[in-house]
Amino acid sequence: MALFTSQEGRLIRRYDGETLWIEPWGENALRVRASYLPEMPQQDWALLAPAPVEPEIRIEERTATIVNGKIRAEISEGGCISFYDGNGNLLLEEQWRTRDPGHTQQSSLEIRGREFRPILGGDYKLTMRFEPNPGEKIFGMGQYQDDCLDKSGCSLELAHRNSQASVPFYVSSKGYGFLWHNPAVGRATFGRNVIEWRAEATRLMDYYIVAGDTPGEILHAYADATGHSPMMPDYGMGFWQCKLRYRTQEELLQVLREHKKRGLPLDVIVVDFFHWPMQGDWRFDETEFPDPEAMIREVNENGAELMVSIWPYVDTRSENYPEMLEKGYLARVDRGVRYSMDYCGNTIPFDATNPEACKFVWSVAKRNYFDKGVRLFWLDEAEPECKVYDYDLYRYQKGPVLQVGNIYPLEYARTFFEGMQESGMENPMNLLRCAWAGSQRYGALVWSGDIDTTFQSLRSQLSIGLSMGMAGIPWWTTDIGGFLGGDQDDPDYRELMVRWFQFGAFCPVMRLHGYRLNREDSANPAKADTGGPNEVWSYGEEVYQILRKYMFLREEMRPYISSIMKDAAEAGAPVIRPLFFDFHTDAAAVEVTDQYMFGPDVLVAPILELGMRKRKVYLPKGETWIDLQSGAEYCGGQTIVVDAPLEVIPVFERKGGSFSSLRRPTA
């Protein structure tokens, strides 16, 4: 049998039990799969079926090449794959260290680029190795609680946790994008000596690689391959109000009425967790929310939407537990006690990989929330969070968590997105704490989890938000002020709140949330704490006036925000992005990690340190930049020092862009 063959536009290599496929997957992109199974598994976890493309395939005696537009893959006699762009520049190459012929480095180490190690009695542990590219910068990979915007040199767990979302796609400064198309728990290491991907349990190797002349072209192709986000509804673009938990219907309505009394803009107000009798009931507790329809009606009459928290967990005492257990709708465990979380009850999540379980959950949520007027869900605990992250313990219908676990937040988002669509809603959006590749097509607005209330945490959120955008998730937000703590009377915390609020005004969604200091005993100790006040007037008059200023600035920017949301939906462009995205040919801009672009025309330089009242700002070359505060103009290609008193975040408009024409004049 020939070493190489072609079939249906696909280049195939068979050697020693391994079958390797390389095929076009949209314009300028290739999908690469390999397996030792008799037939190649056909699961398209994140990738969508592409339009047919005719590649150029050339098979020689012991080597082969496949070309699709701007990308070319070559396979050596020994099986090593190398990728090149349309100009012949090397993009990425597998790392082999064996005596086999055809490798760039022959070696007695006998380390293979694609290493399948059988798991006794199971499938395979996979290690995939690539040669590092000197000087390469890597942007994306999702949400990790650090301030590493460039992931070169990083080692990243491919697993979800509270405040960690593994989205294994990145854009390289070398001119390509790469998706590790495998939902298994594992690790990615971008080392100086090797780029390595690991899956703890899997049946195949599967990745996608795309070449492009610009980061925008690469992300557009990636959105075509994995799905575009919907157009964000108008109510997503304004101000969202939330605290840890509004305990009752009346408490929430009092906050709504105070907003309107003060003339403050408000688009969304939130009923957070434990408004239910039991986890898994998915309904309002009638003792605290006696008339949900009236509450929702008043919220809507005041021009806002009500968002309601949903947790995936089912308490063993829930009214839905017996039926869900009987029908196999709950996640399972391979050993031990069948609980994954014991927060306010022994619970297990529903199995979001089971379509029938998803239909059941949506039917309950539809009856108890959607049919009462709720149009926005907070799909919390989307990892799902575990009391102990023993990934080898849990199992879903689609397989053990070690093998498929990272798919959970995508299927969770899909459950509600498709349910809402089928119920007649256009462009649903829902808030989730986690995501995976492709989550964007299910209207996932991702936030960064239960984070600290420190300036260091704020610094990390900047890198996280930019990384999520470069990983193909354009809708992202953070708890303004952080989540875990915050004393409303502490001057240092008040300053942090101001700086975080300013940053939030230039994020895809501007959302105030957090577990603030509670100086009053909870009126209902049987449920979770409600947290202290977290409204914009909770931090003193000076802070209130500053926050009010940025709430109205956000309103002024709505037409511009709408335009960049349209670009995100149509072209896959991040709403917030590193300077690299728009100025990748400016070497100085590529190095900047503490500034970002809000759409194509607004440069933001947030204040990330306590007491900072001045900061350096690099203005990318080739443009003229206008200081939004002073109106002063500056030529690009220089670093300037600007004032940043407490009430000011340095922001610059690109002269000649759309920002001025799309911004409403100040009232």
Side-chain angles (χ1 to χ4, degrees), residues 149 237 455 458-459 461-462 465-466 480 495-508 510 542-543 545-564 574-583 585-667:
L149 180 58
M237 303 181 200
F455 271 96
L458 172 58
R459 177 67 182 85
Q461 303 321 297
L462 172 58
L466 302 181
I480 290 176
E495 180 170 336
L496 174 65
M497 173 59 73
V498 167
R499 294 310 193 184
W500 211 312
F501 203 90
Q502 292 167 340
F503 168 62
F506 294 91
C507 280
M510 184 184 188
E542 179 187 15
V543 171
Q545 292 301 329
I546 298 173
L547 305 192
R548 184 180 184 279
K549 167 187 172 181
Y550 284 93
M551 293 171 79
F552 281 99
L553 175 60
R554 180 78 179 194
E555 287 298 299
E556 293 172 18
M557 295 191 296
R558 287 182 88 110
Y560 176 71
I561 294 170
S562 181
S563 74
I564 57 181
V575 176
I576 58 173
R577 59 266 202 137
L579 302 192
F580 162 76
F581 182 88
D582 295 283
F583 306 100
T585 60
D586 183 342
V590 172
E591 296 294 330
V592 173
T593 63
D594 62 352
Q595 303 170 206
Y596 66 99
M597 296 299 295
F598 183 55
D601 298 325
V602 177
L603 185 152
V604 185
I607 303 302
L608 305 172
E609 296 179 19
L610 181 67
M612 179 180 283
R613 298 295 184 265
K614 291 180 181 289
R615 68 154 291 170
K616 294 180 179 179
V617 178
Y618 177 74
L619 303 173
K621 63 184 180 182
E623 305 288 349
T624 298
W625 298 92
I626 304 171
D627 186 327
L628 202 64
Q629 179 71 20
S630 69
E633 295 189 9
Y634 299 90
C635 292
Q638 62 171 320
T639 297
I640 62 173
V641 177
V642 296
D643 291 330
L646 184 61
E647 68 274 11
V648 173
I649 178 176
V651 177
F652 294 81
E653 172 192 354
R654 184 172 64 86
K655 188 174 183 179
S658 63
F659 181 72
S660 292
S661 61
L662 290 175
R663 183 185 173 198
R664 297 170 182 159
T666 303

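Side chains are part of it too, since the values below use all heavy atoms of this structure and drop only hydrogens, waters and symmetry mates. Values in this document were obtained by computation on a predicted structure and should not be read as measured data. For the single chain, residues carry numbers from 1 onward in sequence order.
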Nearest 0.5 angstrom please: [X] [atom1] to [Y] [atom2], how far?
{"X": "Phe455", "Y": "Met612", "atom1": "CZ", "atom2": "CE", "result": "9.0 Å"}
{"X": "Asp643", "Y": "Lys614", "atom1": "CG", "atom2": "NZ", "result": "3.5 Å"}
{"X": "Gln502", "Y": "Met510", "atom1": "CD", "atom2": "CE", "result": "9.5 Å"}
{"X": "Asp586", "Y": "Lys621", "atom1": "CG", "atom2": "NZ", "result": "5.0 Å"}
{"X": "Phe583", "Y": "Leu619", "atom1": "CZ", "atom2": "CG", "result": "9.5 Å"}
{"X": "Arg459", "Y": "Phe503", "atom1": "CZ", "atom2": "CZ", "result": "10.0 Å"}

Less than 4.5 Å apart, side chain to side chain, heavy atoms only: is that true for [X] and [Y]?
{"X": "Ile480", "Y": "Met497", "answer": "yes"}
{"X": "Arg499", "Y": "Leu608", "answer": "no"}
{"X": "Glu623", "Y": "Asp601", "answer": "no"}
{"X": "Val642", "Y": "Ser630", "answer": "no"}
{"X": "Val543", "Y": "Phe501", "answer": "no"}

Nearest heavy-atom pair of [X] and [Y]: which atoms, and what distance?
{"X": "Val641", "Y": "Lys616", "answer": "CG2-CG, 4.1 Å"}
{"X": "Ile576", "Y": "Cys507", "answer": "CG2-CA, 4.2 Å"}
{"X": "Pro620", "Y": "Trp625", "answer": "O-NE1, 3.0 Å"}
{"X": "Leu149", "Y": "Val592", "answer": "CD2-O, 4.0 Å"}
{"X": "Pro606", "Y": "Leu462", "answer": "CG-CD2, 4.0 Å"}
{"X": "Gly599", "Y": "Asp582", "answer": "O-OD2, 4.3 Å"}

Side chains of residues 644-653: which donor-acceptor partners sit under 3.5 Å, not counting sequence neighbours?
{"unit_1": "Glu653", "atom_1": "OE1", "unit_2": "Ser660", "atom_2": "OG", "d": "3.0"}
{"unit_1": "Glu653", "atom_1": "OE2", "unit_2": "Ser660", "atom_2": "N", "d": "3.4"}
{"unit_1": "Glu653", "atom_1": "OE2", "unit_2": "Ser660", "atom_2": "OG", "d": "2.2"}

Does [Y] offer a backbone N or O that forms a donor-acceptor pair with the side chain of [X] under 3.5 Å?
{"X": "Ser562", "Y": "Pro559", "answer": "no"}
{"X": "Gln595", "Y": "Tyr618", "answer": "yes"}
{"X": "Asp627", "Y": "Ala632", "answer": "no"}

Within a radius of less than 6.0 Å around CD of Glu609, do more than 12 heavy atoms belonging to other residues, nucleotides or ligands occur?
->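 Incorrect, the count does not exceed 12.
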
Atom CD of Glu542 with >12 non-hydrogen neighbours under 6.0 angstrom =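 No, CD of Glu542 has 12 or fewer neighbouring heavy atoms, counting only those of other groups under 6.0 Å.
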
Please test Arg663 against Leu628 for side-chain contact (heavy atoms from CB on, under 4.5 Å), starting from the C-alpha separation and ending with a verdict.
-> CA-CA 12 Å; Arg663 183 185 173 198; Leu628 202 64; 3.5 Å; yes

Ring centers of Phe506, Phe598 separated by less than 6.0 Å |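 That pair passes the under 6.0 Å test.
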
Given Asp594 and Arg615, is the salt bridge (charged side-chain N to carboxylate O under 4.0 Å, His left out) satisfied, shown in steps?
-> CA-CA 11 Å; Asp594 62 352; Arg615 68 154 291 170; 3.1 Å; yes

State whether a side-chain donor-acceptor pair under 3.5 Å links Arg548 with Gln545.
->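 Judged by distance alone, the side chains do not pair up.
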
Who pairs with Phe581 by ring-ring contact (aromatic ring centres under 6.0 Å, His included), at least two apart in sequence or on another chain?
->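 Phe581: no ring-ring contact (aromatic ring centres under 6.0 Å, His included) contacts found.
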
